[in-house]
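Here's the structure, in structure tokens; my notes come after.
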Amino acid sequence: MEPLEQVRPLKQAEPMEQLERIHEALARPEPTPAVERILHKALDGHRLSYEEGCVLMREGDLGSLGLVAGEITRRLHPGGIVTFVQDRNINYTNVCVTDCKFCAFYRHEKDSDAWVLSHEQILQKVGELAASGGTQVLIQGGHHPKLPFDYYTEMCRLIKRHYPQIAIHSFSVSEIRHFARAYKMPVREVVERLREAGLDSVPGAGGEVLADRPRRIIAPLKDPAADWLATYEIIADVGLRGSSTMMFGHVETLEERVEHLLRLREVQDRTAERHGRGVFWSFICWTFQPGNTPLVAEGLHNGVTTSSYEYLRTLAVARIFLDNIENIQASWVTQGVRIGQISLDCGCNDFGGTMMEENVVAAAGTVFHATPSDAIRLIRDAGRVPAKRNTFYEILEIY
Ligand code: SF4
């Protein structure tokens with residue numbers, strides 16, 4: 001592998017300055033000869049190597065990457081359809097024993113502002129989502145040391161009993177692995193029992209960057225990257241699918257971002273070989289939000305958020321590199337709706353969830369919300385055709 005180069009997030013420009021810079025870059029592709037050769041290879045339908053991915057991640061200009069990522073997206077999703085899902089995030093507890101240094105959300109059990117939602121509170125929230133026409137609930141929480149496993153399985157059963165139309169896209173891989181440890185069960189049994197209780201799909205959170213050097217810095221108590229990836233193979237074997245993610249712009253190198261993409265691509269290949277389809281519905285990346293996090297308090301990060309320019313560049317490389325993952329989702333929750341719109345020109349074909357409620361990113365001081373009608377308007381304004389989808393990427397309605 002190439003020598004590691006520490007990523008230094010670009011200085012955060014004023015929003016207007018930043019938008020102008022992005023529009024200028026998109027209008028004027030300026031590839032180096034190496035980048036041009038690799039992009040032609042991708043456009044000819046050939047898979048890129050790790051080294052080629054690194055060249056794009058290091059040298060690729062936003063204009064050239066966006067152009068090619070956009071073309072690949074048009075080939076994969078003709079007709080200009082951009083999907084979104086009407087969903088709600090529910091965080092059942094902020095109590096966590098894992099102390100990730102990038103997280104502003106968690107509390108310890110004895111903290112005065114620690115909380116756990118009751119099943120009644122969760123059902124009420126799901127009921128509000130169902131009443132508004134939503135189709136998916138994304139339930140996640142901290143790694144609580146004492147809640148019984150029944151708390152989770154009963155939660156799923158109750159939701160399915162009262163709101164069978166709501167898909168449960170819930171519990172990150174790191175929660176699943178925490179359950180296995182806490183309740184002394186094999187990971188496979190945890191996934192099987194959650195599936196029996198009603199779990200429909202697993203969101204990809206907890207992956208951060210799937211390279212062990214940065215993981216040891218930002219989340220020293222989380223499992224190594226190989227365990228996260230192996231869990232998705234188990235999820236596929238049990239008959240479920242999920243999303244893949246990457247949270248970047250903290251202490252990882254550009255090469256480690258590509259390593260992450262490579263490892264996702266390998267799991268997708270392996271699970272497709274065994275089951276006829278890869279385990280990942282989609283890929284979503286977002287930037288580390290440094291506000292109120294131990295990583296900044298401990299001097300491990302300078303507190304500057306990675307720029308939207310760098311977000312879009314990384315997103316475009318992901319679209320080009322991940323040739324076996326069909327859907328790439330915009331992350332307007334961290335980037336804002338304008339950048340969410342521009343990301344449709346850089347490889348995204350999905351606007352993600354409208355998120356009636358979001359607490360984790362909000363704890364770091366970043367809060368963006370959209371209603372379904374906002375999503376429809378924003379997608380239309382970006383010159384695309386909005387469509388509501390379900391968790392399984394089936395289109396429910398075209399607007
Ligand atoms: S990211 Fe998740 S696992 Fe890590 S401290 Fe926050 S709540 Fe806990």
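Whatever order the structure lists ligands and atoms in, that order sets their numbers, starting from 1. Excluded from the calculations below are hydrogen atoms, water molecules and symmetry mates; all remaining heavy atoms, backbone and side chain alike, are included.
Arg216 meets the salt bridge (Lys or Arg N to Asp or Glu O under 4.0 Å) test with no other residue; sequence neighbours excluded.
Ionic pairing of Asp99 and Lys222 is not present here: no N-O contact between side-chain nitrogen and carboxylate oxygen is shorter than 4.0 angstrom.
Ring centroids of His119 and Tyr151 are separated by less than 6.0 Å, placing the two rings close together.
Nearest residue to atom 2 (Fe) of ligand 1 from Lys222, Gln140, Met247, Glu175 is Lys222 (criterion: closest heavy atom).
By the 6.0 Å contact criterion, CZ on Arg263 is enclosed, its count of non-hydrogen atoms from other residues, nucleotides or ligands being greater than 12. Residue-environment remark: CZ (Arg47) exceeds the threshold of 12 foreign heavy atoms within 6.0 Å.
No option in Thr231, Val173, Ile235, Asp227 other than Thr231 meets the side-chain contact (heavy atoms from CB on, under 4.5 Å) test with Val187.
Taking every non-hydrogen atom of Phe102 and a distance limit under 4.0 Å, the qualifying atoms of ligand 1 come out as 1 (S).
In this structure, Arg389 forms no cation-pi arrangement with Phe84, as its terminal cationic atom is not both closer than 6.0 Å to the ring centre and no more than 45° off the ring axis.
Residue-and-atom listing of protein N/O/S atoms under 2.8 Å from atom 8 (Fe) of ligand 1, sorted by chain and number: Cys96 SG.
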